[in-house]
Amino acid sequence: MEKHDHTFHYHHPFELESGNILPGFQLKYTTLGKLNHDRSNIVWVCHALTGSSDFTDWWGDLFRAGSAFDPKDHFIICANILGGCYGSTGPLSINPETGKPFYHSFPLITNRDVVRAFDLLRQELQIEKVYTLLGGSLGGQQVVEWAIQQPEVFEYIIPMACNAFHSPWGIAFNEAQRLAIEADPTWKENDIRAGSEGLKAARAIGMISYRYYETFNQTQAEKTNDKLDEYRAATYQRYQGQKLVNRFNAFSYWTLSKIMDSHNVGRSRAGIKEALHTIKAKTLVVAIDTDFLFPVGEQKFLAENIPQAQYAELTSLYGHDGFLVEFEQLDTIIKQFYQQRKFSTVLS
């Protein structure tokens, strides 16, 4: 199956939750597979913080032959998030009102703005029903929010390693990363490379929250007791910082971290639990036993408050990043979920 890249252009003023206006936007999206005759095989993927629309690049094993989302049976879509830097409108995009990149003038975007932009793409594609909506971390937050905004659209949702609102713990980690970017003297400049050294430090902070104590013990331990400097854990952190700088920019990282902080399904609604109670999709909530950033209690809260939701837990050495690593476990859990739900439907 061939995958295809597309770009959706929205040529109208887009009012943001903050009250600011984005003068139109574009979303890059990737598709794989073919629509069936009744358009009932659509799987929509929401990517994590620094992901792209090319889900085969970072979650490929979940969409291979024989998997729960085999592309010969499903039509799979993933759009790059608003504010990102992989083809969708973001801080480095040209502001049509000035003819120059937005840079620091890019407006505050919230998770709800992101979901509303996705839904405009859905409407443009004339998709009335989505078989399954899934995503992890920031993508999982979007899954939950979208299922609340459009409860009639989704048959199944699978939010992973996420929550109903971003915790003070998570916001503190994100603010520490933004402080690292701010400390870079180039950050104030209107330049594509602004904040790059700060971004390296921000990513190193983030990596600590994406993994956990035993991850580093088992993967970065020294092979000798004689080291005085250049420890493996230290060089690993520097490597991860440089790796991100090679493919990302500080402006989008800043913007997307603010999007994550804004996630709260109870805002301007009756409350968090009440908002979750409105979800109509059949739901599988997936947690990771070693998740340091989104502890399992947050996923249990989702499962307890989304009507008839099921809860499953991955066992992983890799902490929060486990949903990107534990393909075999995840594939098995998802297949079992579908089988149980379909069996329950037959019995009813």
Side-chain angles (χ1 to χ4, degrees), residues 6 8 10 12 14-18 22 25-31 35-36 38-48 53 55 69 74-84 88 109-160 162-166 259-260 262-286 302-303 305-310 337-338 341:
H6 318 261
F8 164 56
Y10 186 73
H12 309 282
F14 183 60
E15 184 173 357
L16 303 170
E17 190 180 2
S18 66
L22 193 62
F25 64 83
Q26 70 177 42
L27 296 178
K28 181 178 179 181
Y29 64 101
T30 301
T31 62
L35 277 169
N36 59 11
D38 59 359
R39 301 168 70 87
S40 63
N41 66 335
I42 297 169
V43 173
W44 197 301
V45 181
C46 295
H47 68 72
S53 66
F55 52 91
F69 303 113
H74 298 91
F75 181 68
I76 306 145
I77 304 173
C78 180
N80 183 222
I81 187 173
L82 191 64
S88 293
I109 304 287
T110 69
N111 201 45
R112 293 189 187 179
D113 296 325
V114 169
V115 167
R116 286 175 48 238
F118 285 164
D119 203 63
L120 287 170
L121 169 58
R122 177 188 67 83
Q123 294 171 43
E124 175 70 16
L125 297 176
Q126 299 182 329
I127 295 173
E128 294 184 5
K129 295 286 186 180
V130 172
Y131 176 64
T132 299
L133 174 68
L134 73 155
S137 193
L138 177 60
Q141 292 176 331
Q142 289 154 16
V143 168
V144 175
E145 175 60 35
W146 204 353
I148 293 169
Q149 286 191 23
Q150 300 291 344
E152 304 296 337
V153 169
F154 306 102
E155 183 173 355
Y156 295 93
I157 63 169
I158 308 176
M160 310 176 198
C162 63
N163 46 24
F165 63 94
H166 205 43
I259 289 172
M260 180 176 278
S262 76
H263 175 60
N264 186 328
V265 301
R267 186 171 56 251
S268 301
R269 294 173 176 145
I272 293 171
K273 291 183 178 181
E274 291 79 3
L276 294 174
H277 292 167
T278 67
I279 293 176
K280 295 184 178 181
K282 294 179 278 290
T283 302
L284 171 65
V285 180
V286 179
L302 288 174
N305 288 284
I306 296 173
Q308 298 183 325
Q310 291 187 24
F337 168 66
Y338 283 136
R341 283 297 189 175

### Query
Stepwise, does the side-chain contact (heavy atoms from CB on, under 4.5 Å) test hold for Gln310 with Lys282?
CA-CA 8 Å; Gln310 291 187 24; Lys282 294 179 278 290; over 6 Å; no
How close do [X] and [Y] get, heavy atom to heavy atom, and via which atoms?
| X | Y | result |
| --- | --- | --- |
| Ala48 | Ser137 | CB-CB, 4.3 Å |
| Pro159 | Thr283 | CD-CG2, 4.0 Å |
| His263 | Asn163 | NE2-O, 2.7 Å |
| Ala303 | Ala309 | O-CB, 3.6 Å |
| Val45 | Cys78 | O-SG, 3.3 Å |
| Ala164 | Ile272 | CB-CG2, 3.7 Å |

Counterpart residues, side chain to side chain donor-acceptor pair (under 3.5 Å), relative to [X] (two or more places apart):
| X | value |
| --- | --- |
| Lys28 | none |
| Ser18 | Asn20 |
| Gln126 | none |
| His6 | Thr31 |

### Audit row: Phe69, Tyr131, ring-ring contact (aromatic ring centres under 6.0 Å, His included) steps and yes/no
CA-CA 11 Å; Phe69 303 113; Tyr131 176 64; 7.8 Å; no
### Message
The test is side-chain hydrogen bond (donor to acceptor under 3.5 Å, both in side chains); show your working for Tyr29 and Ser88 and say whether it passes.
### Response
CA-CA 8 Å; Tyr29 64 101; Ser88 293; over 6 Å; no
### Query
Taking the six-membered ring for Trp, are Trp44 and Phe118 parallel (under 30°), tilted (30 to 60°) or perpendicular (over 60°)?
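Tilted, since the angle between the ring planes falls between 30° and 60°.
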### Query
Parallel under 30°, tilted from 30 to 60°, perpendicular over 60°: which one fits the rings of Phe8 and Tyr10?
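Phe8 vs Tyr10 ring planes: tilted.
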### Message
For Phe337 together with Tyr156, are the ring centres under 6.0 Å from each other?
### Response
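When the ring centroids of Tyr156 and Phe337 are compared, they turn out to be within the sub-6.0 Å range.
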With a 4.5 Å cut-off on side-chain heavy atoms, are [Y] and [X] touching?
| X | Y | answer |
| --- | --- | --- |
| Val43 | Phe75 | no |
| Arg341 | Gln308 | yes |
| His47 | Ile81 | yes |
| Ile157 | Leu134 | no |
| Thr30 | Ile77 | no |
| Cys162 | Leu302 | yes |
| Asn41 | Leu35 | yes |
| Thr132 | Phe154 | no |

### Query
Is Lys129 salt-bridged to Glu155, cutoff N-O under 4.0 Å?
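Looking at Glu155 together with Lys129, the answer is no, because their closest N to O distance does not fall below 4.0 Å.
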### Salt bridge present between Arg122 and Glu128 (N-O < 4.0 angstrom)
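No, Arg122 and Glu128 are not salt-bridged.
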In Å, rounded to the nearest 0.5 Å, how long is the span from [atom1] of [X] to [atom2] of [Y]?
| X | Y | atom1 | atom2 | answer |
| --- | --- | --- | --- | --- |
| Leu121 | Leu82 | CG | CG | 11.5 Å |
| Asn264 | Arg269 | CG | CZ | 9.0 Å |
| Leu133 | Gln142 | CG | CD | 9.0 Å |
| Glu17 | Ile109 | CD | CD1 | 10.5 Å |
| Glu124 | Leu27 | CD | CG | 11.0 Å |
| Leu22 | Asp113 | CG | CG | 9.0 Å |

#### Entry: Non-neighbouring partners of Phe165 that pass ring pair (Phe, Tyr, Trp, His ring centres under 6.0 Å), sequence neighbours left out
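By the ring pair (Phe, Tyr, Trp, His ring centres under 6.0 Å) rule, Phe165 matches no residue at all.
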Test your reading of the model: is there a side-chain donor-acceptor pair from [X] to the backbone of [Y], 3.5 Å cut-off?
| X | Y | value |
| --- | --- | --- |
| His277 | Pro307 | no |
| Arg116 | Glu15 | yes |
| His166 | Ile259 | no |
| Asn305 | Leu276 | no |

### Query
Are Glu145 and Gln149 close enough, and set up right, to give a side-chain hydrogen bond (donor to acceptor under 3.5 Å, both in side chains), and what steps lead you there?
CA-CA 6 Å; Glu145 175 60 35; Gln149 286 191 23; 2.9 Å; yes
### Query
Distance only, no hydrogens: is a donor on one side chain within 3.5 Å (strictly under) of an acceptor on the other, for Ser262 and Thr110?
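Absent: no donor and acceptor within the cut-off.
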### Message
Can you tell me if Glu274 has over 12 outside heavy atoms packed within less than 6.0 Å of its CD?
### Response
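Yes, because the 6.0 Å sphere around CD of Glu274 holds more than 12 heavy atoms from other groups.
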### With Arg39 via salt bridge (Lys or Arg N to Asp or Glu O under 4.0 Å) - residues at least two apart
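Here no residue qualifies.
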